[in-house]
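Presented below is the structure to which this report refers.
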Amino acid sequence: MPLSPPLHATPARRCKRTLVAGAAAALSVTAGAAGDVLLEGSTVAKQIMADMPGIANVVIGGGLKNCSSFNGATNGANCAKDWADILAQDPAFAGLTMSKVVFDPTYTLPTFTYTINAKRIATLNALPSHLMSAATKAVLTGKLNARLADAGKPAPVALSFADFDGGKPLYADGLAFWSNGNHADWLFVVGSMCGGVNGDAVPNGTLCTLSDANIDAVAAGSFVVAADREKVTLVLRYMQQQLGPVSLVYRRSLAGAELSPNFRAYFRTVKLAADGTPPTVGITGGLTTTEVAALRHTFVDRKLAATAASRKVETRSVMFNTDPSSVDLYNAFVGAATKVAGGQRPTIGIVTASAENPFFDRDINYYALKSAGANVVWLPVDGGLRRAIDAADCFNAPIYYTSYANTAAAGSHYHMDQAFPDLADQQQVFCANGAARFNTTLQQLHGIWFSGGDQARHLESFVTRDAGGAYSKVSAQLQVLRNRFNAGQLVVAGASAGDAVQAGGQWKGKTVPMIAGGDSWQALANGFVDGSGPTIEGTGSNGIRYPGGGLGFFSYGALDSHFSIRAREGRLVRLVKESGLDYGFGVDENTGLVVGRTGADGRTTMTVLGAGGVLVIDARGSIASGAINGNYQVQGIRLHYLSAGDRLDIDANGSLSVALSIVAPAVPVVPGAAVVRVKRVQESGTGNFVSMARTMALSGAATAYGTTEGTGGQSAPYYGFTLRRGSGTEFRVRDDRLSYTNVLLDVAPCPGNVCTAPVQ
């Protein structure tokens, strides 16, 4: 039986923005049939929300469709008007002119230079020992004094970093482009080198050819980030020099085996200096990330006055956003905070700490919430500021920021205190006097928003590890937030990483963990490892969890984001079951789980708002066996997939009940309907699991069976996912909307790696 198309399936990859060196009412939107059912579901959800005793959380799965200035001054995606009109008509931008706003995907940084002199060498030697040891200072002092005495080198004034370092610095980084490059540029490179293939869905066996013609096509191409054209071309020429003008498999053979070398892996390993040869060690060679940050900060030339006057901002409007789901989600959060504020305009704090460079994400989040009708304060916390506060060393906050930003980072982030001097100043204010201003500000918030990125970075902004490596040292700031939240004085919301980090606390004596990485097959086949800080997405071979939880604002179960499109069902099932929890909640993109305050009867009501759904994992009564050697299996998981207007209640005893909205009609079982069969059921980017369930509903089948067959890297072993109707199963489908409850799930490796569908 053909598979129904995935719901709301849009490729989720890298952001569209790139750093380059050198109470608003929603607009009415015309809707067709699919829009009508979404609108009806939204109306029901809003009634459920209105009946709640208050809203505690808005948990958003990421993938919001935003009206952002970096998509162009005219005809911008999801924008009802051009930006000249938006700036004039949206009160959030009062006083902003077109000349102060960024309208393309690149954010140009200043050009930084370095000077070596005796005064700066003395400053280096005065750094605290926890930033640089005495032995390292002595070695660097010797090298720097030798550089001053070397008449054969350029005068040590206003040096480029290459000249300051004395080696050949990294210029073209294959991994950085692959992980953080502009999406359109990446698609162009993969298509040019690999026979026109779509990089978001590369079939096994695809060949990529290192021919002059292909590389010349890349070199002549039009890149969104112009500076990346030369760097990518350099990487490709180097690959050709090393391997010859050969054809490499993109990643995996037709049979699904990962080959070596392959185009993807080799490209990601290439790191080159500007002359096309590997970088060589200079003065920074052998230094830790913190020591490099300290060295560069000490010797960089200051240009703060000029930068402060010229810094442009990226803007984002909710008032002129044409996507009704995203508008609903922003407005639900701001509306809930308004209720907490007694009907007055609420004060909302935003946290962008999950980004490698939190300064970069400040503007768009700030203006989005302001456009949605809130008074907004950016909270300039990150893992670096946390360390500065803990060390009572605010003077060196820029060094801590730089060190943390470059920890397990795909990009390079130096001297952001000069690129964003206004934001660096705010860090100083929030750090000073034992973070007194920070604490006072938190006491005044009615809502807090956690942005997307890496949830481990959010966690490390508020919690410090103890000597044993456990995240046990809760900051005074997090305690303030928890106190306000528990008193009903604070609404917590977030998207993507801001979804996952809300989890934590205790559920029936079990700690609710935070999920942080790995795909479903990795979690099933290899198990989980405990997280220990930031990671680059797509690296590693296990699931990643934080057993002590996230920030502790949602204790009903584990949370996951980008759920259906990234096929995260398997990893959430295993995390919930292994952690001894009853429930897990996987939130789709552009979708929110709205969580009510617990009522006087001990009941908590939740509903769904937005374009997709929330998969609720109910592990009560399920049975699991096997370990991390590919034998893990679980039977009897109960699934509930809720979309806009559906309702979930958890009573005082922790029991769960689901009521599907009557907006969509029920779909009964059809006797004799064939088993639905699907491959690639856990392949990220496909949405195949939710599509399998939809096909099962529409066909009336009693059983559906999906396997990991056909997905590269998921073949040893293959896993089978069996969905079965049982007592109380209910499906509702209308247009592109799907809801169901009480569907049973079994997950197991295929015996002998041969997958056989169950008999109907």
Side-chain angles (χ1 to χ4, degrees), residues 19-22 108-128 131-173 176 227 230-231 234 271-307 356-357 359 384 395-407 409 411-421 424:
L19 281 166
V20 177
T108 303
L109 297 174
T111 299
F112 300 112
T113 59
Y114 303 80
T115 295
I116 304 171
N117 57 38
K119 182 178 180 180
R120 293 184 184 181
I121 293 174
T123 300
L124 179 77
N125 280 287
L127 287 170
L131 292 178
M132 186 176 291
S133 69
T136 300
K137 291 176 188 176
V139 171
L140 289 175
T141 297
K143 291 180 177 179
L144 292 164
N145 282 326
R147 176 68 178 80
L148 283 175
D150 190 347
K153 293 283 184 69
V157 177
L159 300 169
S160 67
F161 178 70
D163 286 336
F164 170 75
D165 183 61
K168 290 195 299 183
L170 177 65
Y171 172 70
D173 186 339
E230 180 178 341
K231 296 175 182 178
L234 206 62
K271 297 181 184 296
L272 299 171
D275 64 359
T277 63
T280 58
V281 173
I283 194 172
T284 57
L287 300 184
T288 66
T289 303
T290 298
E291 289 167 346
V292 172
L295 178 68
R296 293 184 66 161
H297 180 77
T298 301
F299 288 89
V300 72
D301 297 322
R302 303 286 163 184
K303 301 177 181 178
L304 293 178
T307 306
E356 289 179 8
N357 180 5
F359 290 175
F395 178 78
N396 288 308
I399 296 176
Y400 293 97
Y401 181 97
T402 301
S403 173
Y404 193 75
N406 288 287
T407 297
S412 178
H413 314 286
Y414 289 95
H415 314 307
M416 292 300 106
D417 57 317
Q418 294 203 61
F420 301 88

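Of all non-hydrogen atoms in Gly411 and Glu356, the two that sit nearest each other are N-OE1, 3.2 Å. Shortest non-hydrogen contact noted between Ala409 and Ala405 is CB-O, 3.2 Å. The shortest non-hydrogen separation linking Ala293 to Ser403 is CB-N, 3.8 Å. The minimum heavy-atom distance linking Leu109 with Ala419 is given by the pair CD2-CB, 3.6 Å.
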| request: Output, in order, the C-alpha distance, side-chain angles, deciding distance and verdict of side chain to side chain contact (heavy atoms under 4.5 Å, CB included) for Asn406 and Val292. | output: CA-CA 10 Å; Asn406 288 287; Val292 172; over 6 Å; no
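Remark: the backbone N or O of Pro110 is not paired with any side-chain donor or acceptor of Gln418 at under 3.5 angstrom. At least one donor-acceptor pair under 3.5 Å links the side chain of Arg120 to the backbone N or O of Thr115.
Between Leu144 and Leu124 the shortest side-chain heavy-atom distance falls below 4.5 Å. Between Tyr401 and Asn357 the shortest side-chain heavy-atom distance falls below 4.5 Å. Put simply, the side chain of Asn145 reaches to within 4.5 Å of the side chain of Leu148, judged on heavy atoms.
Sorted by first and then second residue, the ring-ring contact (aromatic ring centres under 6.0 Å, His included) pairs involving residues 139-165 (not counting sequence neighbours) are Tyr114-Phe161, Tyr114-Phe164, Phe164-Phe299. Sorted by first and then second residue, the salt bridge (charged side-chain N to carboxylate O under 4.0 Å, His left out) pairs involving residues 276-291 (not counting sequence neighbours) form an empty list. Screening residues 109-118 for salt bridge (charged side-chain N to carboxylate O under 4.0 Å, His left out) gives no qualifying pairs among residues at least two apart or on separate chains.
Lys168 is linked by a salt bridge (charged side-chain N to carboxylate O under 4.0 Å, His left out) to Asp275, counting only residues two or more places apart in sequence or in another chain. Ala122 meets the side-chain contact (heavy atoms from CB on, under 4.5 Å) test with no other residue; sequence neighbours excluded. Legend: residues meeting side-chain contact (heavy atoms from CB on, under 4.5 Å) with Ala424, ordered by chain and number and at least two apart, are Phe359, Asp417. Evaluation of the side-chain contact (heavy atoms from CB on, under 4.5 Å) rule for Phe395 yields Asp393 as partners, not counting sequence neighbours. For Lys143, there are no salt bridge (charged side-chain N to carboxylate O under 4.0 Å, His left out) partners, not counting sequence neighbours. Applying the side-chain contact (heavy atoms from CB on, under 4.5 Å) rule to Ala158 yields the partners Thr113, Asp301; only residues at least two apart in sequence or on another chain are considered. Under the side chain to side chain donor-acceptor pair (under 3.5 Å) criterion, Thr402 pairs with no residue at all, not counting sequence neighbours. Residues satisfying the salt bridge (charged side-chain N to carboxylate O under 4.0 Å, His left out) criterion with Arg147, sequence neighbours excluded, are absent altogether. Shown here are the salt bridge (charged side-chain N to carboxylate O under 4.0 Å, His left out) partners of Asp173, two or more places apart in sequence or in another chain: Lys271.
Distance check: Leu287 CG to Arg296 CZ gives 11.5 Å after rounding to the nearest 0.5 Å. Rounding to the nearest 0.5 Å places CG of Asn125 at 9.0 Å from CG of Leu140. Atom OG1 of Thr290 is separated from atom CD1 of Ile399 by 9.5 Å, given to the nearest 0.5 angstrom. Atoms OG1 and NE2, from Thr111 and His415 in turn, are 11.5 Å apart once rounded to the nearest 0.5 Å.
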